[in-house]
Structures are given as C-alpha cells and as structure tokens.
Amino acid sequence: MRNIVGLLALSALCACKSEPAFDERYEAAQEQITDKAEELDHDLDNPSVAETEVAKENKSKN
C-alpha cells in the first residue's frame, strides 16, 4: 500500500514539473503579443504594391 501511495506522489510531482510556471507562460504570451504588434506596425508603415496602385489610380481619376 505504501508503494502505491509513493508512486502516486512521485507521478504527481513529475506531472507538476512538466507544466510551465505562470511567469514562463506570461513571458511567452507577452513575446507573442509584442512580435505580432511589431508585424502589424511594419505592415501599416509599408503599404503593399496593390494599395499603392489603388492610390495612384484614385489620384489620376481626380
């Protein structure tokens, strides 16, 4: 009986260590958010070729 309890405690301890800590999950999420924000900022700063062509067509119509 003690062996079973010991094995259960050991397996529970091992399972807890495989789960990342809150701080680790927070940092990973923060990094993903920052990367996505930088990507969006870059996309807004540099218009695509299609957007540039539409802008040229609109200027020539006016």
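Note that this is a predicted model, so its numbers are computed, not measured.
Through direct or indirect side-chain contacts shorter than 4.5 Å among Ile, Leu, Val, Met, Phe, Trp and Tyr, Tyr26 is connected to Phe22.
Scanning for salt bridge (Lys or Arg N to Asp or Glu O under 4.0 Å) contacts around Glu31 gives an empty result, with sequence neighbours left out.
Here side-chain hydrogen bond (donor to acceptor under 3.5 Å, both in side chains) pairs that include residues 32-46, with residues two or more places apart or in two chains, are His42-Asn46.
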